[in-house]
Amino acid sequence: MAVNPNDTLGALQVGGTIMVFLFGIDTLQTYYYFKRYPNDRLWIKLLVVWIWLEEIGHTVSVLSGMYLLTVTEFGQPDALAVTTMPIGYAWSIIFSGSVGSIVEAFYAHRMYVLSKSWYLPSIAWALASFRFVGSMVAAAEVFGNISLDVFSTKWRWLITACFATGAGADLIVAGGQCYYIFREKRVAMGQTTMRLLDRLLAYTVETGLVLCMSAVVILIIWGTTPHSFWWFGVFLFYTEIFANSLMASLNTRRVHEDVPGGTVISLPRNPHVRSADRSTGSRNQNFMRNLSKSEYDEDIELSPEVSTDSSAYARDQLQRTGDQSSKYRYFGFSRRLHQTR
């Protein structure tokens, strides 16, 4: 059967080109992160560096594989049909599985910080772990000099499971964070605060949908064109989507600076101030109980500055309670505690 180069090398070439473009964007975001957040926690900085280094490895692996197929083995029928997957593609699968799993685990951790519940984060962590293990198994097969067509046929169940679990983890994380942010909207005070929370919800939905839909698109392409390599072409830049998603979430934590008046999201611990709903007040009172810096993760910092709110009612109520309430400021999905005096 004649091989259509547009469905083999063409698909890989297009995917590799998009990958390089997205890697450039990720590099710019990494530079922007270190310039704007020099005081971030050390482990977050190390995470950013690690992801960027893995992106370098992924880019080099894909480009080396493309060079082998289009230059070293130029004109050979085996290269045109990719009868033997280059070793670089095996390494790209390893980097992709690692980056995707780390980013999903990071988002699951953020969901735990918002909820203080292990249920949904544990499910997301389990799915991310399965994705990582499955990627390592798939990479081991590619190291065994297997053709791309045989690989996609023989290990169809494993590849499908990896993409499906990845999409499931993305949905759980995005849905969970949306739920917990929306829960805070029920007790937030001030119109600007509400608009800020709405913006945070939009960021969460967009990030989760991009990651989830990327996996779904790969599965759809694979199901509709099983004998072409377009699914693998999309997979080549799938890793860069994860990296850019992570960096975008870190770099938008100062979104509040775009809101007039520097509004602070006020969530007092006094149930009479928070809500007339006794159950809601009790739940959120527990959510903010006895916070100390030792309980914070990278998204929470202690600051002595006096914060303000655009809501006159909020200021009046805070003054009446002796200014003893704590205030949270969300940076993307971050929370900063401000102790008022």
Side-chain angles (χ1 to χ4, degrees), residues 11-13 15-24 26-27 30 46-69 72 82-108 124-170 211 214-215 218-219 222 229-247:
L12 301 180
Q13 188 71 54
T17 302
I18 297 176
M19 175 207 67
V20 173
F21 174 75
L22 292 177
F23 173 69
D26 179 57
T27 300
T30 302
L46 294 176
L47 174 65
V48 170
V49 172
W50 178 258
I51 293 295
W52 185 70
L53 291 177
E54 287 207 87
E55 287 298 294
I56 293 179
H58 180 263
T59 302
V60 172
S61 299
V62 172
L63 294 181
S64 66
M66 284 303 305
Y67 185 89
L68 177 66
L69 293 174
T72 304
V82 195
T83 55
T84 301
M85 293 182 68
I87 298 300
Y89 285 171
W91 282 106
S92 72
I93 295 175
I94 292 177
F95 288 124
S96 179
S98 176
V99 171
S101 301
I102 291 175
V103 172
E104 288 170 344
F106 177 79
Y107 284 145
W125 282 323
L127 294 176
S129 299
F130 178 87
R131 172 193 176 89
F132 176 78
V133 174
S135 298
M136 299 305 107
V137 173
E141 290 298 319
V142 176
F143 276 116
N145 295 326
I146 190 173
S147 72
L148 183 53
D149 188 50
V150 173
F151 171 73
S152 60
T153 302
K154 180 180 178 181
W155 294 96
R156 187 181 186 89
W157 65 271
L158 178 61
I159 301 173
T160 302
C162 287
F163 285 126
T165 54
D170 297 332
L211 296 177
S214 298
I218 294 176
L219 292 175
W222 193 6
F229 298 157
W230 282 105
W231 73 270
F232 196 78
V234 177
F235 172 75
L236 292 180
F237 61 85
Y238 186 41
T239 308
E240 277 65 31
I241 295 178
F242 272 102
N244 278 283
S245 171
L246 172 66
M247 295 311 303

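Only heavy atoms go into these numbers, but all of them, side chains included; no hydrogens, no water, no symmetry mates.
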T17 OG1 to Q13 CD distance, which is reported to the nearest 0.5 Å: 5.0 Å
Set of side chain to side chain donor-acceptor pair (under 3.5 Å) partners for D149, sequence neighbours left out: none
Contacts of A105 that satisfy side-chain contact (heavy atoms from CB on, under 4.5 Å) - sequence neighbours left out: W125
Closest approach of S245 to L211 (non-hydrogen atoms, all atoms of both residues): OG-CD1, 3.8 Å
Non-neighbouring partners of F143 that pass ring pair (Phe, Tyr, Trp, His ring centres under 6.0 Å), sequence neighbours left out: W91
Nearest-0.5 Å distance that lies between atom CG in L12 and atom CE in M66: 5.5 Å
Nearest atoms (heavy-atom pairs only) where A169 meets A124: CB-O, 4.2 Å
Stepwise side chain to side chain contact (heavy atoms under 4.5 Å, CB included) check, L127 with E104: CA-CA 9 Å; L127 294 176; E104 288 170 344; over 6 Å; no
Closest approach of S135 to C162 (non-hydrogen atoms, all atoms of both residues): N-SG, 4.0 Å
Aromatic plane relationship, W231 with F151 - under 30° parallel, 30 to 60° tilted, over 60° perpendicular: parallel
Separation of M136 CE from R131 CZ (nearest 0.5 Å): 10.0 Å
Validation: residues 51-59 side-chain donor-acceptor distances under 3.5 Å, sequence neighbours left out:
| unit_1 | atom_1 | unit_2 | atom_2 | d |
| --- | --- | --- | --- | --- |
| W52 | NE1 | T27 | OG1 | 3.2 |
| E54 | OE1 | S98 | OG | 2.9 |
| E54 | OE2 | W50 | NE1 | 2.9 |
| E54 | OE2 | S98 | OG | 2.9 |
| H58 | ND1 | E240 | OE2 | 3.2 |
| H58 | NE2 | L236 | O | 3.4 |
| H58 | NE2 | T239 | OG1 | 3.4 |
| T59 | OG1 | E55 | O | 2.8 |

By ring pair (Phe, Tyr, Trp, His ring centres under 6.0 Å) - contacts of F229 (at least two apart): none
Polar side-chain atom of S64 near backbone of S61 as donor-acceptor pair, under 3.5 Å: yes
Trace of the side chain to side chain contact (heavy atoms under 4.5 Å, CB included) decision for W222 with I159: CA-CA 10 Å; W222 193 6; I159 301 173; 3.1 Å; yes
Approximate separation, where rounding is to 0.5 Å, of T153 OG1 and R156 CZ: 7.5 Å
Side-chain heavy-atom pair V142, W155 within 4.5 angstrom cut-off: no
Listed partners of F237 passing ring pair (Phe, Tyr, Trp, His ring centres under 6.0 Å), at least two apart: none
Which atom of A243 lies closest to which atom of V99, heavy atoms considered: N-CG1, 4.4 Å
Closest heavy-atom pair and its distance - A11, W230: CB-CD2, 3.4 Å
S101 side chain vs A128 backbone, donor-acceptor pair below 3.5 Å: yes
Check against side chain to side chain contact (heavy atoms under 4.5 Å, CB included), L69 and Y89: CA-CA 11 Å; L69 293 174; Y89 285 171; 4.0 Å; yes
Gap separating the CD1 atom of I18 from the CZ atom of F21, nearest 0.5 angstrom: 9.5 Å
Rounded distance [0.5 Å steps], CG in L68 versus CD1 in I87: 9.5 Å
Which atom of I94 lies closest to which atom of A139, heavy atoms considered: CG1-CB, 3.4 Å
Side-chain donor or acceptor of S96 paired with backbone N/O of S92 under 3.5 Å: no
Geometric class of the F235/Y238 ring pair [parallel <30°, tilted 30-60°, perpendicular >60°]: tilted
